[in-house]
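Since we're looking at a predicted model, the values are computed, not measured. Order of the sequence lines sets the chain letters (A, B, ...), proteins ahead of strands, with each chain counted from 1.
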There are 2 protein chains.
Amino acid sequence: MMYGDIPALDERPAVSVDIAVFSVRAQDLRVLLVRRAAPPFRGRWALPGGFVRAAESLDDAARRQLQDETDVRDVYLEQLYTFGGPRRDPRGRVISVAYFALVAGNTPAQAAASGDEVAWHPVRSLPELAFDHAEILTYAWQRLRYKLEYTSVGFELLPNEFTLSELQSAYEIVLGEQLDKRNFRRRILESGILAETNRNRAGEGQGRPARLYRYKKDAPTEVKARRLFP
Amino acid sequence: MMYGDIPALDERPAVSVDIAVFSVRAQDLRVLLVRRAAPPFRGRWALPGGFVRAAESLDDAARRQLQDETDVRDVYLEQLYTFGGPRRDPRGRVISVAYFALVAGNTPAQAAASGDEVAWHPVRSLPELAFDHAEILTYAWQRLRYKLEYTSVGFELLPNEFTLSELQSAYEIVLGEQLDKRNFRRRILESGILAETNRNRAGEGQGRPARLYRYKKDAPTEVKARRLFP
DNA sequence: ACAAAAGTGTTTACTATACACCCATGG
DNA sequence: CCATGGGTGTATAGTAAACACTTTTGT
């Protein structure tokens, strides 16, 4: 940033954050939405989010908005992309820094401060969304599939302790594809990012109880990628 | 973005774009910098950039700033990350949307509108930079290495027509690593993203003239990544 | 004819994939 | 004892990596 002085107040855009929070629940990949109580787009579903305050960082703003609006906290949060088209908000110029977040499937969400309606919607069948949030969500979902394949963020979709079958199921739901049980287990275990606990979980119904594992936090979050190109 | 009305003018941050333009020249990976003529950080080198205007998109702002300040145009441009720490600019709250750009090694850069000093600096030996631009550049450089390995953006570092040796050399310079000539050529050609011309280029010195190739624009820019994880 | 860079295949090691049965528990 | 989900190994195919010599041109 080089020239000209800092712009006059009336030439400055407003800056917001919007967060796409994903979670696997009820055998489905879902995203957290809030129904707008105020115009514009009153009554439509939207991503949780809001304006950035003068003294807070963008990450802090995202966490604060998420907690205030949906009572969701302790999420895995990652900046996604900044949407800045000049006409994306009818109230005026609003630049939105979009975030991408993952929470475990057992995380509850509820209307917080505002008392507004909050719900987990299946990403494969969404209502019409406010603003350009459909575009943001498409981008976020693509990023999720992508990151699942070359990093270990997938663990953020599960509680602290989980069985390998639960992990495999989460992967299958997000990727929309069946995986081979033996290959899946071998690769996950060989990667060395899981620690075996000495406890088992008895399943809901019948069957042999499954060993519980946890994710090693100190493990590298990004698998060393072999070169794909050239 | 859900609650509260759009913020009052005096609570809005300024929004800028900053661009890290890379290019391979003189057997070195270089980045385009501008020496600041005005405070803050007068005299220090900085990434080209500036404030976003009321009616332009972020991408448009980046292209405009690049052209105005350095007379560089027709670049490959991609949004990188948004830096929004509350104290990153001593003049007040400035949120910067950083961009990452690539140009061919023969692209000249010169002071444009402002008449300010502009130069290509080797990324492996940089002066102290203004603001948090060192951090932005570190991030951009990492992204460049990364994208070079799983997409075909590398061609943006070369002129329209190039020899396979020039291409290989660009890759080696960015990745900082020698590549095997036969494997390199085989993989690039098998990927089908190059079109052979029927012309050759006689080298500077001696040696057999090399066949010229061009990049097929309609080719997929992203190589289908095999799954890395799990 | 020689220096300098371009161009070209094959062998070997590794990694990914496909695939079927026994085990532990609860009812 | 049977139904349910948990857990395990091997053979084959495909991909990546290592490696050295011949060809074309300018001087």
Mutual orientation of the aromatic rings belonging to A:F100 and A:Y76 [parallel < 30°, tilted 30-60°, perpendicular > 60°]: perpendicular

Flag if over 12 foreign heavy atoms under 6.0 Å of CD, B:E196: yes

Nearest listed nucleotide, side chain of B:Q206, among D:dT10, D:dT27, D:dG7: D:dT27

Residues, nucleotides or ligands: over 12 heavy atoms within 6.0 Å of B:R214 CZ: no

Counterpart residues, side chain to side chain donor-acceptor pair (under 3.5 Å), relative to A:E161 (two or more places apart): A:R199

Touch class at under 4.0 angstrom, heavy-atom based, for A:R211 against every strand present: sugar-phosphate

N/O (side chain, A:R187) to phosphate O (OP1/OP2, C:dT17) under 4.0 Å: yes

Atom pair distance, as rounded to whole Å: CZ in A:F184 and P in C:dT17: 14 Å

A:L189 CG to D:dG9 C1', straight-line distance once rounded to whole Å: 14 Å

d(CD, A:Q178; P, C:dT17) in whole Å: 15 Å

Aromatic ring pairing A:H133/A:F131, orientation class (parallel under 30°, perpendicular over 60°, tilted between): tilted

D:dG7 OP1/OP2 closer than 4.0 Å to side-chain N/O of A:R185: yes

Give me, pair by pair, the N or O atoms of the protein and of nucleotides 20-22 of chain C that are less than 3.5 Å apart, along with how far apart they are.
from   : atom 1 : to     : atom 2 : distance (Å)
C:dA20 : N1     : A:R182 : NH1    : 3.3

Backbone N/O of B:V153 and side chain of B:E156: donor-acceptor pair under 3.5 Å: no

Pairwise side-chain contact, B:L29 with B:L144, heavy-atom cut-off 4.5 Å (strictly under): yes

N or O in side chain of A:S165 less than 4.0 angstrom from D:dG5 OP1/OP2: no

Among D:dT27, D:dA17, C:dC19, the nucleotide that comes nearest once only the side chain of A:N183 is considered: C:dC19

B:R186 CZ to C:dG7 C1', straight-line distance once rounded to whole Å: 13 Å

Distance, rounded to the nearest Å, where A:L212 contributes CG and D:dG7 contributes C1': 15 Å

Euclidean distance, atom CG of residue B:L164 to atom C1' of D:dT23 [Å, nearest integer]: 16 Å

Pairwise 5' ranking along DNA chain D for B:N200 and A:Y213, keeping only the more 5' one: A:Y213

Interatomic distance, A:I188 CD1 vs D:dT8 P [rounded to whole Å]: 15 Å

Value in whole Å for how far the C1' atom of D:dG9 lies from CG of A:D180: 12 Å

